[in-house]
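Heads up: the structure comes next, in structure tokens.
On a predicted model such as this, the values are computed, not experimentally measured, just so you know.
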Amino acid sequence: MNLDHIFETLNNRRVAYLLVGGMNFLLRHTPVLTYDVDLWLEDTPENLRCCEEALCELEAEWGASEVDWGPIADKASGWLANQTVFCLTSPHGAIDVFRSMKGLGLWSESRADAISQTTAGGVHFFGLSDEDMLRCQMALPESSRKVQRVRVLKQALDRIDGDTPDG
């Protein structure tokens, strides 16, 4: 997986995104095996267009069915508006795109709380805050929650709360 190339392409196309899911957890907390990059997009027509261009540049493929599966370059503009979650493949790694996130409110609110980070290669991105990652986990049915993530996130938040003057 080439995270730097994925993030650089999104950044160059001015896509407003937040890194969410396992890769965000891996880069911030503990090594966990993850096979994709999960991105939550600001859900505006202009941003979806920018993301479509970036995914095309990344040589991503997607389809609503096996029959429809193929390069993004072959899709009509506006295809990202057709559903809320997409699972794509690319030579640089699998990419999941979300237009909304269970357990969270507005993208802009989560972006305001997001953590500014850089990859080991120096590429900038914003990742979902620990608070929002925990909200996402707690919004899932109990049987679907990732217990280790919940535990690590609660511990991280407890440490932060303990460092405050009131804690």
Side-chain angles (χ1 to χ4, degrees), residues 1-137 146 149 153:
M1 183 171 303
N2 189 341
L3 282 179
D4 286 351
H5 185 66
I6 292 170
F7 292 154
E8 282 178 331
T9 302
L10 293 165
N11 294 342
N12 289 341
R13 293 288 181 165
R14 301 185 192 284
V15 177
Y17 68 93
L18 294 172
L19 181 64
V20 299
M23 188 61 65
N24 189 44
F25 187 80
L26 177 139
L27 293 172
R28 302 248 322 278
H29 292 286
T30 61
V32 292
L33 190 57
T34 186
Y35 298 101
D36 60 7
V37 176
D38 298 317
L39 305 171
W40 180 20
L41 302 179
E42 181 179 28
D43 195 16
T44 65
E46 176 65 18
N47 193 53
L48 295 180
R49 184 190 60 74
C50 290
C51 186
E52 288 177 1
E53 292 172 359
L55 292 168
C56 185
E57 188 174 326
L58 289 166
E59 302 174 58
E61 294 186 356
W62 174 81
S65 68
E66 289 181 21
V67 174
D68 188 40
W69 193 270
I72 296 305
D74 296 344
K75 307 291 179 207
S77 180
W79 62 271
L80 266 177
N82 293 335
Q83 59 192 54
T84 57
V85 178
F86 296 84
C87 299
L88 303 100
T89 60
S90 87
H92 313 287
I95 303 169
D96 292 347
V97 173
F98 298 84
R99 292 178 46 220
S100 64
M101 292 296 298
K102 189 172 184 110
L104 299 180
L106 298 175
W107 183 91
S108 58
E109 292 170 352
S110 290
R111 171 58 179 80
D113 295 332
I115 308 301
S116 176
Q117 298 178 250
T118 57
T119 65
V123 180
H124 184 259
F125 67 95
F126 283 95
L128 205 59
S129 70
D130 288 349
E131 293 89 348
D132 281 349
M133 281 196 287
L134 184 58
R135 283 185 194 101
C136 286
Q137 283 297 312
K146 295 186 172 44
R149 278 191 208 171
L153 290 167

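Side chain of Asn47 to backbone of Ala16: a donor-acceptor contact under 3.5 angstrom is found. Not a single donor-acceptor pair under 3.5 Å links the side chain of Trp40 to the backbone N or O of Trp107.
The salt bridge (charged side-chain N to carboxylate O under 4.0 Å, His left out) test applied to Glu59 returns no partner, not counting sequence neighbours. Residues satisfying the salt bridge (charged side-chain N to carboxylate O under 4.0 Å, His left out) criterion with Asp43, sequence neighbours excluded, are Arg99. Every residue meeting the ring-ring contact (aromatic ring centres under 6.0 Å, His included) condition with Phe126, not counting sequence neighbours, appears here in chain and number order: His124. For Arg135, the side chain to side chain contact (heavy atoms under 4.5 Å, CB included) partners are Leu104, Glu131, Asp132, not counting sequence neighbours.
The shortest non-hydrogen separation linking Phe125 to Thr118 is CE2-C, 3.9 Å. Of all heavy-atom pairs spanning Asp113 and Ser129, the tightest one is O-CB, 3.3 Å. A pairwise comparison of heavy atoms in Ala114 and Leu18 identifies CB-CD2, 3.5 Å as the closest pair.
Proximity of Val20 to Cys136: side-chain heavy atoms (C-beta onward) are nowhere separated by under 4.5 Å. Taking the side chain as every heavy atom from C-beta outward, Glu52 and Lys75 never approach each other to under 4.5 Å.
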Under 3.5 Å, sequence neighbours excluded: what are the donor-acceptor pairs made by side chains of residues 85-97?
residue, atom, partner, partner atom, Å
Ser90, OG, His92, N, 3.0
Ser90, OG, Gly93, N, 3.2
Ser90, OG, Gly93, O, 2.8

Give every donor-acceptor pair under 3.5 Å between a side-chain atom in residues 62-72 and any protein atom, sequence neighbours left out.
residue, atom, partner, partner atom, Å
Ser65, OG, Val67, N, 3.4
Ser65, OG, Asp68, N, 3.3
Asp68, OD2, Ala64, N, 3.2
Trp69, NE1, Glu61, OE1, 3.3

Should Val37 and Tyr17 be marked as a side chain to side chain contact (heavy atoms under 4.5 Å, CB included) after you check the CA-CA gap, both sets of side-chain angles, and the distance that decides it?
CA-CA 12 Å; Val37 176; Tyr17 68 93; over 6 Å; no
Take Leu80 and Cys51, measure what side chain to side chain contact (heavy atoms under 4.5 Å, CB included) needs, and give me the verdict at the end.
CA-CA 8 Å; Leu80 266 177; Cys51 186; 3.8 Å; yes
Begin from the C-alpha positions of Asp38 and Met23 and carry the test side chain to side chain contact (heavy atoms under 4.5 Å, CB included) through to its verdict.
CA-CA 7 Å; Asp38 298 317; Met23 188 61 65; over 6 Å; no
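Under the side-chain contact (heavy atoms from CB on, under 4.5 Å) rule, Val123 has a single partner from Leu10, Asn11, Leu3, Thr9, which is Asn11.
A distance of 8.0 Å separates CD of Gln137 from CG of Leu134, quoted to the nearest 0.5 Å. To the nearest 0.5 Å, the span separating CG on Asn24 from CG on Leu39 amounts to 10.5 Å. Taken to the nearest 0.5 Å, the CG atom of Leu19 stands 12.0 Å off from the CD1 atom of Ile115. The CE atom of Met101 sits 10.5 Å away from the CE atom of Met133 when rounded to the nearest 0.5 Å. With rounding to the nearest 0.5 Å, the separation of CG in Leu41 from OG1 in Thr84 is 11.5 Å.
Salt bridge annotation for Glu42-Arg111: absent, with no cationic side-chain nitrogen under 4.0 angstrom from a carboxylate oxygen.
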